[in-house]
Amino acid sequence: MKISQKEEFNERLLSWYHQEKRDLPWRRTSNPYYIWVSEVMLQQTRVDTVIPYYERFIESFPTMESLAEAEEEHVLKHWEGLGYYSRVRNLQAGVKEVVESYDSKIPQTRNEILKLKGIGPYTAGAVLSIAYGVPEHAVDGNVMRVFSRLFLIEEDIAIPKTKKVFEQRVMEVIDETDPSSFNQAIMELGATICTPNPRCLLCPVREFCAAFEEGKQDELPVKTKKMKKKVVTIRSFAISEPGGKWLLRKRPSNGLLGDFWEFPQIEDSPALEISESLKNETGLLIEQRQAYTQFKHIFSHVTWLVEGVHAVLLDASPIPEGYRFFSEEELELLPKSKPMSKLLEQLKK
DNA sequence: CAGGCGTGGAT
DNA sequence: TATCCAAGCCT
């Protein structure tokens, strides 16, 4: 596509968008905070998955002040099952910053909004353009896929610096009168038409598309990186005490499943001496019962082979720092990871 | 920069 | 079953 065709391109794109766009909850509001929440939830997450979470979250935390004041555990419970849990801790931290340091007004320049926790280049552009009408690029995976085809850009989108190429190109093409609709229209196109297996015959702008012109739409975008996943064996100890309570510990804030409570567990230990390993790593003294369950859980970058072991705590055992007993009722209120939920499900059998 | 960070759906 | 994702950000 030539830049001289910009006006005609935007006319086609935007009229298609206004006619075909999906009716989504965050498209029914102009509240910048709600837009912010939706954009964070949508990071690496499908629209259909996000919708119910978004509705519940906004209902429970209708204002930035209400989110800023909420208990982290309560907030995390609203994110349970969505994944990438650091997103919600960063969101709350960012909202607190806005409430406390910006008089509850979200900054309206890229440099300022980028300072907020959890707001990166994409989310900055998305909030600025959608909530405030600022002509800023918001380049995500959709935009790179669509633009790589429109302009026949064959650079590897798996390499971080490649994104700059797309950000520049967006700024050349963006509709200055309605940057909100422009950014959303490109993403909508990527999500519904210009998908990995594109449906070019339905595309409103195919006559501007260099890849379609040359029949290369199926070869773009170029993306090289492949994920290799580690496999880790996890032995998880469901330790009960006479009162029927379960002994849990809190995971560190950083890293996988940050701040989640879990059964004490050890990684990659020889099966024969697992009680000894647990004692070495945690100080806990237990009497092991029989292994009661075994399953696999696949995270984005690591696979856990989980073996759940039932055990009772010996009277002589110390309770290490950071460990707590939970009744069944208390357990219900905790945010739980998928592996934790699977273990509990098995426990009830 | 490379790698860590969840989950459920599509192929 | 295996793979790759889907509106990225942080360190």
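Keep in mind that this is a model prediction, so the values were computed, not measured. In what follows, every chain begins at residue 1, and chains take the letters A, B, ... in the order their sequences are listed.
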Q: Please answer whether the main-chain N or O of A:Ser277 pairs with a side-chain N or O of A:Arg235 as donor and acceptor at a distance below 3.5 Å.
A: no
Q.
By the 4.0 Å heavy-atom rule, please label A:Asp48 as base, sugar-phosphate, or nothing.
A. nothing
Q: Would you indicate what A:Thr49 reaches in the nucleic acid, counting non-hydrogen atoms under 4.0 angstrom: base, sugar-phosphate, or nothing?
A: nothing
(Q) Going 5' to 3' along DNA chain B, which are the first and last nucleotides with any atom under 4.0 Å from a heavy atom of chain A? (A) B:dC1 to B:dG8
Collect all protein-nucleotide pairs involving nucleotides 1-3 of chain C in which both atoms are nitrogen or oxygen and the distance is under 3.5 Å.
none

Q: Could you tell me whether A:Glu172 and A:Arg169 make a salt bridge, using a distance below 4.0 angstrom between a side-chain N and a carboxylate O?
A: yes
Q.
Test: side-chain hydrogen bond (donor to acceptor under 3.5 Å, both in side chains). Region: residues 61-72 of chain A. Which pairs qualify, not counting sequence neighbours?
A. A:Thr63-A:Ser66, A:Glu65-A:Ser104
Q: Establish whether A:Ile319 and A:Leu285 are linked, either directly or via other cluster members, by ILVMFWY side-chain heavy-atom contacts under 4.5 Å.
A: no
Q) Tell me, which pairs form a side-chain hydrogen bond (donor to acceptor under 3.5 Å, both in side chains) where one or both residues lie in residues 30-39 of chain A, sequence neighbours left out? A) A:Glu39-A:Tyr122
(Q) Taking the ring centre of each residue, are A:His297 and A:Phe299 less than 6.0 Å apart? (A) yes
Q: Assign each of A:Arg46 and A:Ala124 to its nearest nucleotide of DNA chain C by heavy atoms, then name whichever residue's nucleotide is nearer the 5' end.
A: A:Arg46
Q. Which pairs count as side-chain hydrogen bond (donor to acceptor under 3.5 Å, both in side chains) when at least one residue sits in residues 178-188 of chain A, sequence neighbours excluded?
A. A:Tyr17-A:Gln184, A:Arg22-A:Glu188, A:Arg27-A:Gln184, A:Arg27-A:Glu188, A:Ser129-A:Asn183, A:Asp178-A:Ser181, A:Ser180-A:Gln184
Q: Round to the nearest Å and state the distance from A:Arg87 atom CZ to C:dA6 atom P.
A: 16 Å
(Q) Closer than 4.0 angstrom, basic N to acidic O: yes or no for A:Glu97 and A:Lys115? (A) no
**Q.** P-based separation of C:dA6 from B:dC5 [nearest Å]
**A.** 22 Å
Q | Upstream residue (5' side of DNA chain B) when A:Lys338 and A:Lys230 are each assigned their closest nucleotide | A | A:Lys230
(Q) Check the phosphate of C:dC9 against A:Thr123, side-chain N and O only, distance under 4.0 Å to OP1 or OP2. Yes or no? (A) yes
Q) Between A:Glu167 and A:Lys164, does at least one N-O distance fall below 4.0 Å, as a salt bridge requires? A) no
Q. So which of residues 125-138 of chain A are in contact with DNA chain B, with a heavy-atom cut-off of under 4.0 Å?
A. none
Q.
Regarding A:Glu281 and A:Lys279, does a basic nitrogen lie under 4.0 Å from an acidic carboxylate oxygen?
A. no
Q: Round to the nearest Å and state the distance from A:His301 atom NE2 to C:dG8 atom P.
A: 18 Å
Q: May I have the distance from A:Tyr84 (atom OH) to C:dC5 (atom P), rounded to whole angstrom?
A: 12 Å
Q.
Does anything in residues 175-199 of chain A come within less than 4.0 Å of DNA chain C? Heavy atoms only, and list the residues if so.
A. A:Met187, A:Pro196
Q. Going by distance alone, is a donor N or O of one side chain under 3.5 Å from an acceptor N or O of the other, for A:Asn197 and A:Thr195?
A. no
Q) So what does A:Val47 touch, heavy atoms closer than 4.0 Å: a base, only the sugar-phosphate, or nothing? A) base
Q | Interface with DNA chain B, restricted to residues 152-166 of chain A and to heavy atoms under 4.0 Å | A | A:Pro160, A:Lys161
Q | Cation-aromatic face contact A:Arg324/A:Phe326, 6.0 Å, 45 degrees | A | yes
Q.
Quick check: do A:Leu248 and A:Tyr323 have side-chain heavy atoms less than 4.5 Å from each other?
A. no
Q: Output the distance between atom CG (A:Leu76) and atom NZ (A:Lys336), rounded to the nearest 0.5 Å.
A: 11.0 Å
Q. How far does the P atom of C:dT11 sit from the matching atom of B:dG6, given to the nearest Å?
A. 14 Å
Q: Measure centre to centre between the rings of A:Tyr53 and A:Phe57, then say whether the value is under 6.0 Å.
A: no
Q | Listed once per pair and sorted, the salt bridge (Lys or Arg N to Asp or Glu O under 4.0 Å) pairs that draw on residues 122-145 of chain A, sequence neighbours left out | A | A:Arg110-A:Glu136
**Q.** Pairing residues for A:Glu55 by the salt bridge (Lys or Arg N to Asp or Glu O under 4.0 Å) criterion, not counting sequence neighbours
**A.** none
Q | Value in whole Å for how far the C1' atom of C:dC10 lies from CD1 of A:Ile119 | A | 14 Å
(Q) Under 4.0 Å, heavy atoms only, any strand: does A:Arg89 hit a base, just the sugar-phosphate, or nothing? (A) nothing
Q) Over how many whole Å does the gap from A:Gln43 atom CD to C:dC10 atom P extend? A) 8 Å
Q. Roughly, in whole Å, what's the span from CG in A:Leu256 to P in C:dT11?
A. 16 Å
Q) For residues 19-28 of chain A, which residues have at least one heavy atom under 4.0 Å from DNA chain C? A) A:Arg22, A:Leu24, A:Trp26, A:Arg27
Q: Apply salt bridge (Lys or Arg N to Asp or Glu O under 4.0 Å) to A:Arg87 and list each qualifying residue two or more places apart in sequence or on a separate chain.
A: none
Q. How about A:Phe9 and A:Phe208: are their ring centres within less than 6.0 Å of each other?
A. yes
